[in-house]
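Remarks on the structure that follows.
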Amino acid sequence: MRMNSTLVINSKGGSGKTTVTTNLASHFAAHGVATTIMDYDPQGSSLAWVRLRAPHAPKIHGANAAPQKGGRLRSIEMHVPPQTRHLIIDAPAGASGLLLQELLARADCIIIPVAPSAIDIHATANFIRDLLLAGRVRARNTRLAVVANRVRSSMPVYQPLERFLGSLNLPLLTRLSDSDAFLKAAETGVGIFEMDALQSSAEREQFLPIATWVDPQLGSKADTAPKVVELPRAQPRLTISVPAFLRRF
Ligand SMILES: Nc1ncnc2c1ncn2[C@@H]1O[C@H](COP(=O)(O)OP(=O)(O)O)[C@@H](O)[C@H]1O
Ligand SMILES: [Mg+2]
């Protein structure tokens, strides 16, 4: 069986890359799927989360792909066990140039979490435009989707973002609420699917469309969340075509 690689990326820090990476990995691992997180961020938050996991928790392998100080070789720490079925790649903020090319070369699908501020939405729109213009994403037909993260009930809709995504025919997979469950999971080395169901049922329901999009077969088997949030523009698969107005850039 082939390995599927999911790149979680946004040019902005604090958008939820590590949150999506760790929860997606724990969802797959909890379903008995061999899962590796590859952390490209020098801050190493995903790897720190892997190290926090209890010995009896479903195993997630951590691979360190961050640039090493003092020119140490990355190759050993970057090792991905051959049995891995899902590789989730946590990107650093601001990846560009050769590093961005390396990340894109590894990705079968790309998830872009975005925080609800106008500044984040604007920066993310520019980032998505740059990604779509990168020949590699189009040439490899990489799937790409967006996740709205840290959504507050006072600001439930992202109209400018939704209009932008709609114009590119890109799916907004789900909205993750700003919730203590995500904070607690990050601090304790678990995923929301591994927490007490009573503490995280809304968050599980919100997160499941991400897992289903990445792995439709596993998603349909998931017993951990009964209902998938329906969103108007969510599409299970798409081919990226760059509209005329973007080709000018
Ligand atoms: N939906 C959420 N609800 C509550 N806290 C969140 C949520 N998403 C992220 N956070 C918290 O916000 C901070 C930044 O999120 P993180 O996933 O580390 O972003 P990034 O990896 O993009 O820098 C972390 O402390 C994380 O636990
Ligand atoms: Mg991070």
Side-chain angles (χ1 to χ4, degrees), residues 6-27 36-53 60 62-67 87-96 99-100 103 106-107 110-117 119-128 130-131 144-158 161 172-196 199-211 214 225 229 231:
T6 305
L7 172 63
V8 186
I9 190 166
N10 191 325
S11 52
K12 296 281 291 181
S15 59
K17 296 179 289 296
T18 299
T19 301
V20 170
T21 298
T22 53
N23 282 290
L24 194 55
S26 86
H27 178 78
T36 295
I37 288 180
M38 183 174 265
D39 196 349
Y40 268 82
D41 192 336
Q43 290 180 5
S45 312
S46 282
L47 292 184
W49 176 87
V50 168
R51 284 193 291 268
L52 269 180
R53 288 176 66 72
I60 296 170
N64 183 4
L87 177 69
I88 326 281
I89 304 171
D90 191 1
S96 63
L99 175 61
L100 182 60
L103 290 164
R106 288 183 178 274
I110 300 175
I111 296 175
I112 301 174
V114 54
S117 80
I119 291 175
D120 280 71
I121 291 172
H122 186 76
T124 302
N126 283 333
F127 179 67
I128 292 173
D130 292 347
L131 276 189
L144 196 152
V146 174
V147 169
N149 187 31
R150 304 203 78 153
V151 178
R152 274 168 271 152
S153 49
S154 57
M155 196 193 172
V157 187
Y158 293 6
L161 177 67
L172 176 62
L173 290 181
T174 189
R175 297 163 173 81
L176 304 179
S177 59
D178 195 356
S179 139
D180 288 348
F182 286 110
L183 279 177
K184 192 161 179 212
E187 283 165 7
T188 53
V190 300
I192 49 165
F193 291 96
E194 298 170 295
M195 292 171 90
D196 185 326
Q199 285 182 34
S200 63
S201 60
E203 292 80 1
R204 290 174 184 216
E205 202 170 304
Q206 294 162 4
F207 200 91
L208 200 64
I210 305 177
V214 171
V229 182
L231 288 167

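Start at 1 and go down the list; that is how both ligands and their atoms are numbered. Side chains are part of it too, since the values below use all heavy atoms of this structure and drop only hydrogens, waters and symmetry mates.
- Taking the side chain as every heavy atom from C-beta outward, Gln199 and Lys184 approach each other to under 4.5 Å.
- When distances from atom 24 (C) of ligand 1 to the protein are checked, no heavy atom turns up under 4.0 Å.
- Counting heavy atoms closer than 4.0 Å to ligand 1, residue Ala93 contributes nothing at all.
- Within the set Arg150, Lys17, Lys184, the minimum heavy-atom distance to atom 5 (N) of ligand 1 is found for Arg150.
- Closest of all the heavy-atom pairs between Thr19 and Thr22 is O-OG1, 3.3 Å.
- Contact check for Ile37 versus Trp49: side-chain heavy atoms found under the 4.5 Å cut-off.
- Among all non-hydrogen protein atoms, the one lying nearest atom 18 (O) of ligand 1 is Thr18 CB, 3.8 Å.
- When heavy-atom distances to ligand 1 are checked against a 4.0 Å cut-off, Ser15 comes that close through both its backbone and its side chain.
- Note: Phe193 and Phe207 have perpendicular aromatic rings, judged against thresholds of 30 and 60 degrees for the angle between ring planes.
- Under a 4.0 Å criterion applied to the non-hydrogen atoms of Ser177, ligand 1 contributes the atoms 1 (N), 2 (C), 3 (N).
- Nearest protein heavy-atom contact of atom 19 (O) of ligand 1 is Gly16 N, 3.1 Å.
- Minimum interatomic distance between Leu24 and Ala211 (heavy atoms only, all atoms of both residues): CD1-CA, 3.7 Å.
- Residues Ser26 and Arg53 are in side-chain contact: their nearest non-hydrogen atoms beyond the backbone lie under 4.5 Å apart.
- Considering each of Asn23, Asn149, Ile9, the one bringing a non-hydrogen atom nearest atom 8 (N) of ligand 1 is Asn149.
- Using a 4.5 Å heavy-atom cutoff, the side chains of Pro92 and Leu99 are in contact.
- Taking 2.8 Å as the threshold, Ser46 does not count as a candidate ligand of the Mg ion (ligand 2), since none of its N, O or S atoms lies below it.
- With contacts defined as side-chain heavy-atom distances shorter than 4.5 Å, the pair Leu131/Leu100 qualifies.
- For ligand 1, the atoms closer than 4.0 angstrom to any heavy atom of Gly14 are 14 (C), 19 (O), 20 (P), 22 (O), 23 (O).
- Of the listed residues (Leu183, Thr22, Val151, Thr19), the one carrying the non-hydrogen atom nearest atom 9 (C) of ligand 1 is Thr19.
- In terms of protein heavy-atom proximity, atom 3 (N) of ligand 1 is closest to Ser179 N, 2.9 Å.
- Taking every non-hydrogen atom of Asp178 and a distance limit under 4.0 Å, the qualifying atoms of ligand 1 come out as 3 (N), 4 (C), 5 (N).
- Other residues, nucleotides and ligands place no more than 12 heavy atoms under 6.0 Å from the CG atom of Asp180.
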